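Accompanying notes for the structure given below.
Predicted, not measured: the structure shown is a model, and the values here were computed from it.
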Amino acid sequence: MRLVLVGPPGAGKGTQAQFLASHFSIPHISTGDIFRANLKSGTALGLKAKTFMDAGELVPDSVTNEMVADRLTHADAEAGFLLDGFPRNVAQAQVLREILAQKSTPLTAVLELAVDTKEIVLRLSGRRTCRNCGKVWHIEFEKPSTENLCDACSGDLYQREDDKGEVISHRLQVYAEQTEPIIAFYKSEGLLITISATGSVSEITARAISALSN
Ligand code: AP5
Ligand code: MG
Ligand code: ZN
């Protein structure tokens, strides 16, 4: 299974990706997570990405495309992959198509998670992320058993810079302007599957697995 997950910020891509990657035994590749891991370890890539991420802007394609092309050469991606947060504009989608065409391993499907804007703002403004392992929580919808501590690794939870105030609405605008056009692109390629991403996390996972198994 070579899968792309697409949907607005806060649609639940990262949340669903954990379950889908495990169900289909494929690696979960999140460009946002890779950038944040680089930032945490203080690499040049992380520092380069930080300014764009904190402002809710896309990191330049030159940086992102090269990073993904490299990640797809890792052995674990031979059996397939789940891309979360990439591609994020039509130029990236074209680069991905080219990389996969060279290996004769085209995408299996593109799964769109559809959620309305009001729900997105609730999800993003209450999200907390583990500083240690990156796991995502929510102050209301996915509470850890101890406030501000990750159940998985006991790490501290923090609020992403881009989950604060104005940056949320800017990210939604960037999504509408730059990312949404890839939906028409993948529709025309016959790859697009859209599901509703409201309801409980497990309901959405079941919906996704059923849509992808057809
Ligand atoms: P990235 O990390 O990819 O952020 P994003 O796309 O904005 O998506 P999010 O991670 O915010 O949301 P999500 O859909 O994963 O939702 P989640 O599961 O966490 O990118 C960050 C930045 O990196 C970008 O702005 C850009 O700067 C840069 N970048 C990354 N990729 C790039 C690229 N390809 N090109 C250029 N730049 C790039 O869920 C959200 C919250 O909702 C959580 O708290 C969760 O617990 C809760 N939740 C989830 N599901 C449910 C549910 N069913 N009901 C209730 N609550 C739920
Ligand atoms: Mg995410
Ligand atoms: Zn953790």
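The neighbour count for Lys164 NZ, taken as heavy atoms of other residues, nucleotides or ligands under 6.0 Å away, is above 12. Within 6.0 Å of atom CD in Glu66, 12 or fewer heavy atoms from other residues, nucleotides or ligands are found, so the atom counts as exposed in its surroundings.
Minimum interatomic distance between Ala208 and Leu20 (heavy atoms only, all atoms of both residues): CB-CD2, 3.9 Å. Residues Ala197 and Arg123 come closest through the heavy atom pair O-NH2, 2.9 Å. Scanning all heavy atoms of the two residues, the minimum distance from Ile204 to Gly199 falls at CD1-O, 3.6 Å. Shortest non-hydrogen contact noted between Arg71 and Pro27 is NH2-CB, 3.9 Å. Residues Ala69 and Ile99 come closest through the heavy atom pair CB-CD1, 3.8 Å. Across Phe35 and Ala49, no two heavy atoms sit closer than the pair CD2-CB, 3.6 Å.
Here the side chains of Arg128 and Gln159 are in contact, with some heavy-atom distance below 4.5 Å. Looking only at side-chain heavy atoms (C-beta outward), Tyr175 and Val6 come within less than 4.5 Å of each other. Side-chain atoms of Leu172 and Val121, non-hydrogen and from C-beta on, do get closer than 4.5 Å to each other. Taking the side chain as every heavy atom from C-beta outward, Gln94 and Arg97 approach each other to under 4.5 Å. Contact of the Cys150 side chain with the Asn132 side chain is not registered, since no non-hydrogen atoms from C-beta on lie closer than 4.5 Å. In this structure, Lys143 and Trp137 have side chains that are not in contact, with every pair of non-hydrogen atoms separated by 4.5 Å or more. Under the 4.5 Å side-chain criterion, counting only non-hydrogen atoms from C-beta, Leu157 is not in contact with Leu149. A heavy-atom distance below 4.5 Å is not found between the side chains of Asp54 and Arg160.
Between Asp33 and Lys13, none of the side-chain N atoms (NZ, or NE/NH1/NH2) sits under 4.0 Å from a carboxylate O, so this pair counts as no salt bridge. Electrostatic pairing of Asp116 and Lys118 does not count as a salt bridge here, judged by no charged N lying under 4.0 Å from a carboxylate O. Residues Asp156 and Arg131 are not paired through a salt bridge, judged by the lack of any N-O separation under 4.0 Å between the basic side chain and the carboxylate.
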Check against side chain to side chain contact (heavy atoms under 4.5 Å, CB included), Thr194 and Leu192
CA-CA 6 Å; Thr194 301; Leu192 188 74; 3.7 Å; yes
Evaluate the side chain to side chain donor-acceptor pair (under 3.5 Å) criterion for residues Glu177 and Gln173: first the C-alpha distance (whole Å), next the side-chain angles of each, then the deciding distance (0.1 Å), finally the verdict.
CA-CA 6 Å; Glu177 288 171 7; Gln173 192 190 334; 3.3 Å; yes
Test side chain to side chain contact (heavy atoms under 4.5 Å, CB included) applied to Ile29 and Val68, step by step:
CA-CA 9 Å; Ile29 303 177; Val68 173; 5.8 Å; no
Apply salt bridge (Lys or Arg N to Asp or Glu O under 4.0 Å) to residues Glu142 and Arg127 and explain how you reach the verdict.
CA-CA 9 Å; Glu142 196 70 36; Arg127 174 167 56 189; over 6 Å; no
Let me see the working for Val167 and Glu161 under side chain to side chain contact (heavy atoms under 4.5 Å, CB included), right down to the final yes or no.
CA-CA 8 Å; Val167 187; Glu161 270 319 304; over 6 Å; no
Could you give me the CA-CA distance, side-chain angles and deciding distance for Asn89 and Gln178, then say whether side chain to side chain donor-acceptor pair (under 3.5 Å) is met?
CA-CA 5 Å; Asn89 59 33; Gln178 302 188 49; 4.7 Å; no
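Under 3.5 Å, the side chains of Thr43 and Ser41 contain no donor-acceptor pair of N or O atoms. Donor-acceptor pairing under 3.5 Å is recorded for the side chains of Gln16 and Thr205.
Judged by distance alone, with hydrogens and angles left aside, the side-chain atoms of Arg171 form no donor-acceptor pair with the main-chain N or O of Ile168 at under 3.5 Å. Thr179 contributes a side-chain N or O that, together with a main-chain N or O of Arg88, makes up a donor-acceptor pair within less than 3.5 Å. Side chain of Thr129 to main chain of Gly134: no donor-acceptor pair is present (N/O by atom type, distance under 3.5 Å, no hydrogens or angles). Judged purely by atom type and a 3.5 angstrom limit, His74 has no side-chain atom pairing as donor or acceptor with the backbone of Asp76. Between the side chain of Arg207 and the main chain of Ser196, a donor-acceptor pair closer than 3.5 Å is present.
Cluster annotation: Tyr186 is not connected to Leu212 through the hydrophobic network of ILVMFWY side chains, with a link wherever side-chain heavy atoms come within less than 4.5 Å. One hydrophobic cluster holds both Leu5 and Ile209 under the rule that ILVMFWY side chains link at heavy-atom gaps under 4.5 Å. Hydrophobic clustering of Ile, Leu, Val, Met, Phe, Trp and Tyr side chains at less than 4.5 Å, counting indirect connections, keeps Val201 apart from Leu122. Both Leu111 and Met1 sit in one connected hydrophobic cluster of ILVMFWY residues. Membership requires side-chain heavy atoms under 4.5 Å apart, directly or through other members. Hydrophobic clustering (ILVMFWY, side-chain heavy atoms < 4.5 Å, transitive): Phe24 and Phe19 are in distinct clusters.
Between atom CD of residue Glu57 and atom OG1 of residue Thr51 there is a gap of 11.0 Å, rounded to the nearest 0.5 Å. Note that SG of Cys130 and CG of Asp151 are 10.0 Å apart. Values are rounded to the nearest 0.5 Å. Atoms OG and NE2, on Ser22 and His28 in that order, are 12.0 Å from each other to the nearest 0.5 Å. Put simply, CG on Leu45 and CG on Leu39 are 9.5 Å apart, with the number rounded to the nearest 0.5 Å. One distance of note links NZ of Lys187 with CD1 of Ile193; it measures 13.0 Å at 0.5 Å rounding. Phe86 contributes atom CZ, which lies 4.5 Å from atom CG of Asn65 (distance to the nearest 0.5 angstrom).
Each of Thr105, Leu96, Leu72 was compared with Arg2 under the side-chain contact (heavy atoms from CB on, under 4.5 Å) criterion, and only Thr105 meets it.
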